[in-house]
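Only one structure is covered here, and it is reproduced in the block below.
Keep in mind that the numbers below use all heavy atoms, side chains included, and drop hydrogens, waters and symmetry copies. Note that this is a predicted model, so its numbers are computed, not measured. First the proteins, then the strands, lettered A, B, ... as listed; each starts at 1.
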Amino acid sequence: MPELPEVETVRRALEPALMGARINRVELRRKNLRFPFPEKFQSRLKGRRIALLSRRAKYLLITMENAEVLIIHLGMSGRLTLSCTPDARSKQNNTTTDPGDPKHDHVVFHLSNQMKLTYNDPRRFGFMDLVPTQQLENHKMFRALGPEPLGNSFSSNHLVQRAQGRKTDLKAFLLDQRTVAGLGNIYVCEALHRAGLSPRRSAGTLATKRKTPSKWSAALVPSIRDVLNDAIAAGGSSLKDFQKPDGALGYFQHNFDVYGREGKPCHRQSCTGTVRRITQAGRSTFYCPRCQR
DNA sequence: CATGCCCCCTGCACGC
DNA sequence: TGCGTGCAGGGGGCAT
């Protein structure tokens with residue numbers, strides 16, 4: 001489920017509880033998720049103090065004081081839940097919400113501040129890794145990542161340059177993490193709708209003959225940024241199972257213009273179109289054929 | 001290099 | 001109630 005806004009929401013929710021805390025113990029309830037846990041995963045984390053929580057694309061990064069980074073990817077169904085240990089709960093009046101089916105609690109980080117962080121992931125498409133900070137950029141999953149959509153190096157020039165001569169459709173182009181890092185199925189659909197661009201259009205048409213950004217590609221970057229910022233402000237989108245680590249739900253799903261709205265009227269002001277669902281690269285695309293060209 | 005397809009895994013909604 | 005089918009927010013790996 002988690003695309004960039006959901007991961008960012010998780011990061012922000014965890015930050016106050018995790019910053020400066022020490023990892024007392026890592027409880028592993030299986031030996032792998034999508035991939036095996038790295039060598040000596042538990043012992044390398046034991047006793048470490050958490051120095052920084054950050055995010056790259058859809059990856060949550062937890063940097064330890066000893067300059068090792070815990071990389072967490074939530075896959076499709078991964079969830080991080082923060083809760084108090086029974087001891088702490090009796091002292092304070094903390095409530096902890098719906099931890100999900102405990103049989104899918106695969107990792108529990110026991111922290112020095114009486115909190116625990118539980119990773120639950122029914123489908124196990126997520127994974128964790130632990131590498132020296134220095135090696136992060138060379139990590140297999142990070143090497144080819146494109147720019148952060150909310151960062152300075154993401155521009156229409158970048159998009160146009162990458163789109164040059166590409167016949168692949170805009171949907172696949174934007175879903176490709178090498179183009180821009182962090183968009184997934186929902187936010188690509190939403191961004192294209194905001195930009196008035198058809199997901200079926202070929203990426204190469206973003207450029208004009210003079211290789212300068214067309215007016216369409218100029219609209220695309222702000223559309224992407226806006227939809228991501230709006231979603232982050234709403235605490236992400238809660239579809240089937242996304243919750244913030246404190247159990248609260250995001251509410252951006254109520255603001256979708258096209259995603260999941262097949263057959264419903266287009267939300268664009270004065271557009272009379274109807275949202276359509278098609279399949280591209282084996283995944284659902286929602287768009288308005290009337291206002292998205 | 002670019003593209004298209006299959007796969008990993010579980011849960012859930014749906015139709016019969 | 002039970003069963004089969006298709007679908008789900010990701011992304012690696014492989015053949016072409």
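Nucleic acid contact class of A:Arg34 (heavy atoms, under 4.0 Å, all strands): base. Residue contacts shown for A:Arg277 are limited to sugar-phosphate atoms, with no base heavy atom under 4.0 Å away.
Taking atom P in both B:dC6 and C:dG6, one finds a spacing of 14 Å when rounded to whole Å.
Distance from the side chain of A:Thr168 is smallest for B:dT3 among the nucleotides B:dC9, C:dG11, B:dT3. The side chain of A:Arg178 has B:dT3 as its nearest neighbour among B:dT3, C:dC7, C:dG10. Listed candidates were C:dG10, C:dA8, B:dA2. Nearest to the side chain of A:Arg166 is B:dA2.
Contact check, A:Arg30 against B:dC9: no side-chain N or O comes under 4.0 Å of OP1 or OP2. Taking 4.0 angstrom as the limit, A:His73 places none of its side-chain polar atoms (N or O) nearer than this to OP1 or OP2 of C:dG10. Of the side-chain N and O atoms in A:Arg283, none sit less than 4.0 angstrom from OP1 or OP2 of C:dG11. At the phosphate of B:dG11, OP1 or OP2 sits under 4.0 Å from a side-chain N or O atom of A:His104.
Between A:Arg44 and A:Glu68, at least one side-chain N (NZ, or NE/NH1/NH2) sits under 4.0 Å from a carboxylate O, which counts as a salt bridge. Salt bridge absent: A:Arg12 and A:Glu15 never bring a charged side-chain N and a carboxylate O closer than 4.0 Å.
Residues A:Ala172 and A:Lys103 each lie close to DNA chain B; by heavy-atom proximity, the contact nearer the 5' end of the strand is made by A:Ala172.
Among A:Phe142, A:Phe125, A:Tyr59, the single residue meeting the ring-ring contact (aromatic ring centres under 6.0 Å, His included) criterion with A:His73 is A:Tyr59.
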